[in-house]
Asker: 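Please see the structure below; I have some questions.
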Amino acid sequence: MRVAVVAGPGRTALLTELADDGSDHTAGVLLNDLPAAVAGYERSGAVRWVWADTAGTYPALLRAGARVDRCHDVRLVGALLAGRDGAAAASGPGGPVASAAGAAAGRPAMAGPGRLGAGQQAALFGPAEPGLADASIALSQLVATHAAQLRRISADPHPSRFGLLAAVESAGGLAAAEMQARGLPWRADAHDALLASLLGARPPAGLRPPRLAELASQISAAFGGRPVNPDSPAQLIRAFAAAGVRIPSTRSGLLRDVAHPAVPLLLEYKELARLHTANGWAWLEEWVSGGRFRPEYVVGGVVSGRWATRGGGALQIPRVLRRAVVADPGWALVVADAAQLEPRVLAALAGDHAFAEAAGTGDLYQALAGAFGGDRAKAKVALLSAMYGGAGGEASQLLAVLRRRFPLADRYVAAAARAGEEGRVVRSRLGRCCPPPSAEWRDLTASPDEPGAADQRARRSLRARGRFTRNFVVQASAADWALVLLAGLRRRLATLGGPLQDGPGLVFFQHDEVIVHCPQALAGDVVGAVGAAATEAGRLVFGDTPVRFPVTTAVVSSYADAK
DNA sequence: TTCCGTTGCGCG
DNA sequence: AAAGCGCGCAACGGAA
């Protein structure tokens, strides 16, 4: 059963049960205690909550102790549909302008992001309930929008795939809120000790830590005593030039090949300065409290369907800091990582039999090495080049081998690249659409072939767009798979342990990797749940394919010990 | 002073 | 080893 709900102030809400087609057959019911009602529905059987925005609604429910099993997030699903329909209209006759008009005509209106603004919420259900009328309007808008979304999903060329995408995107919203509530276990003392060992004692704000100050003065000395701020690329380039070394930039990879006494000092400085500025004591104070790091996940924040985070740089935690991620006493971390996910996804997408057979084994690159004279590294370069569109140096020969041995895989990404260069959009396996090219891109690439700088720019843009769509089909389909895995794992974890904070729970999700925090006694069950969820994800996303999606799991006390 | 584009690097 | 794709964040330095 589906139940639509609009939250009011405090614990109040307006709720209505929905028919299968999304229509409401009852009048809205005014609730004084939404968390209690949610808990009641969850106990009584399968229910899918329909609401405007999980991120705005669910955290308060979690704080009140109410867990939700399933939902339909109208904001997230609306974004999926808007991406699809906007893309379809933009690539049809009339272009983006027509698309906006057509989309507006075919879709029910919904104010803003689909939830009550703060001002409206404050006005809801006051002493004389003056906001009740507004809430009724919001609820009927929600119900209408949701019903329209169900119709638009069923109108997709692949309705079951797109329906699955809508379901797992919504489940992702639930998981994101739960992960933020639970937090990633983070030992501030271990983090602090690591900083002290690498940087020295914590300096007053604005000053360099001892080790960085020492390196900075050594760097200046290496440039003959000329004062140089190693944080300034411009100053460094000038200093190198004065020493007779001309470099186009100060990237580490480039500096590594430069013979100058300042280089090793500079490389060490850059690495430590990065740690200090990005994840130093200031970060620790701002983002870790009560032994937890609580990033704010942005579901679908990346065009490919990957998640982003807001604040704290949660998806760019440097590997060296993983030793600060430590399970609570008596608990364990189950760290699960999909092995070589993207090439496996390509194998399944393309239906390339030889490729898929190879991907049915453990080490995909090793399995393909035979095609490259037994050289695993070459197989890896070839595959990455195929998925990313690179063709520099040795890669072009390796790509030729790949093309000969696995023609369907090559054809699949080549077709995606061609679509991009022609200004068309491409979709992931479950139907997530890449954004259409911008108006600037169309202007730039519409010019006829005339030799000159403008034409060169146009060609570069065309090829860049081709690389983007070539990569999109793989990265976005991998994100499909990972999201299905996340949803399935979340569902299984709920059956394993106690409610909410007492049982095993997801605490981290990074593209193709998840971490579960669980009581030690349940770690084996969690490992089993991960495996089952991975198998299920392969079947749900790709159907009957010989491709396997193995997941490496490690039961550890510290994230640093996972691999 | 604030704002913003560029540079560089962390993660997948 | 780097490169081709996708991101977020901090510092710099010139523009406003």
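Predicted, not measured: the structure shown is a model, and the values here were computed from it. First the proteins, then the strands, lettered A, B, ... as listed; each starts at 1. What's counted below: heavy atoms across the whole structure, side chains too, no hydrogens, waters or symmetry copies.
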Asker: From the options dA11(C), dG8(B), dG12(B), select the nucleotide whose nearest atom is closest to the side chain of S249(A).
Answerer: dG8(B)
Asker: Report the nucleotide, chosen from dC11(B), dG8(C), dA2(C), that has the shortest atom-to-atom distance to any side-chain atom of R319(A).
Answerer: dC11(B)
Asker: Looking for any heavy atom pair under 4.0 Å, which part of the strands does G311(A) touch: base, sugar-phosphate only, or nothing?
Answerer: sugar-phosphate
Asker: With a cut-off of 6.0 Å (strictly less than), are more than 12 heavy atoms of other residues, nucleotides or ligands near CD of Q235(A)?
Answerer: yes
Asker: Please confirm whether R344(A) makes a cation-pi placement over F549(A), using NZ or CZ under 6.0 Å from the six-membered ring centre and within 45° of the ring normal.
Answerer: no
Asker: Select from N471(A) and R256(A) the residue whose nearest nucleotide in DNA chain C is closer to the 5' end of that strand.
Answerer: R256(A)
Asker: Classify R322(A) by what it touches in the nucleic acid, base, sugar-phosphate, or nothing, heavy-atom distance under 4.0 Å.
Answerer: sugar-phosphate
Asker: Under 3.5 Å for both donor-acceptor distances, Watson-Crick or wobble: does dG4(C) have a partner, and if so which one?
Answerer: none
Asker: Whole angstroms only, please: what is the CD-C1' distance between Q475(A) and dG12(B)?
Answerer: 8 Å
Asker: Indicate, with a heavy-atom threshold strictly under 4.0 Å, whether L341(A) touches base, sugar-phosphate, or nothing.
Answerer: nothing
Asker: Categorize V474(A) for me: base, sugar-phosphate, or nothing, with a 4.0 angstrom heavy-atom threshold over every strand shown.
Answerer: nothing
Asker: Could you work out which one of dA3(C), dG13(C), dC7(C) sits closest to the side chain of Q316(A)?
Answerer: dC7(C)
Asker: A side-chain contact here means heavy atoms from C-beta on lying under 4.5 Å apart; do L199(A) and W281(A) qualify?
Answerer: yes
Asker: Report the residue (W287(A) or L254(A)) whose heavy-atom-nearest nucleotide on DNA chain C is the more 5′ of the two.
Answerer: L254(A)
Asker: Among dC5(C), dC7(C), dG8(B), which nucleotide has an atom closest to any side-chain atom of F468(A)?
Answerer: dC5(C)
Asker: Assign the ring pair W186(A) / W283(A) to parallel, tilted or perpendicular, where the plane angle (0 to 90°) is split at 30° and 60°.
Answerer: tilted
Asker: In terms of side-chain heavy atoms of A308(A), which of dG12(B), dG8(C), dG8(B) is nearest?
Answerer: dG8(C)
Asker: Assess whether one donor atom and one acceptor atom, taken from the side chain of R310(A) and the base of dG8(C), lie less than 3.5 Å apart.
Answerer: no
Asker: Syn or anti for dG4(C), please, going by whether the chi angle lies within 90° of 0.
Answerer: syn
Asker: Pick base, sugar-phosphate or nothing for Q510(A), based on heavy-atom distances below 4.0 Å to the nucleic acid.
Answerer: sugar-phosphate
Asker: Is the ring centre of W441(A) less than 6.0 Å from the ring centre of F468(A)?
Answerer: no
Asker: Select one nucleotide: of dG12(B), dG13(C), dG8(B), the one nearest the side-chain heavy atoms of P233(A).
Answerer: dG8(B)
Asker: Base, sugar-phosphate alone, or nothing: which one does R251(A) contact when heavy atoms must sit under 4.0 Å apart?
Answerer: sugar-phosphate
Asker: State which of dG12(B), dG8(C), dG8(B) makes the closest approach to the side chain of T250(A).
Answerer: dG8(B)
Asker: Whole angstrom is fine here: how far is it from CD in Q397(A) over to C1' in dA3(C)?
Answerer: 15 Å
Asker: Does R492(A) CZ have over 12 foreign heavy atoms under 6.0 Å away?
Answerer: yes
Asker: Any idea which of dG8(C), dA3(C), dC7(C) is nearest the V303(A) side chain?
Answerer: dC7(C)
Asker: Any N or O donor-acceptor pair linking the side chain of R467(A) to the base of dC5(C) at under 3.5 Å?
Answerer: no
Asker: Can R84(A) be said to sit on top of F162(A)'s aromatic six-ring, NZ or CZ under 6.0 Å from centre and within 45° of the ring axis?
Answerer: yes
Asker: Where along residues 193-232 of chain A does a heavy atom come under 4.0 Å from DNA chain B, residue by residue in number order?
Answerer: none
Asker: OP1 or OP2 of dC9(B) less than 4.0 angstrom from a side-chain nitrogen or oxygen of K270(A), does that happen here?
Answerer: yes
Asker: Report the nucleotide, chosen from dG12(B), dA11(C), dA2(C), that has the shortest atom-to-atom distance to any side-chain atom of V381(A).
Answerer: dA2(C)
Asker: Quick check, are the ring centers of H260(A) and F223(A) under 6.0 angstrom apart?
Answerer: yes
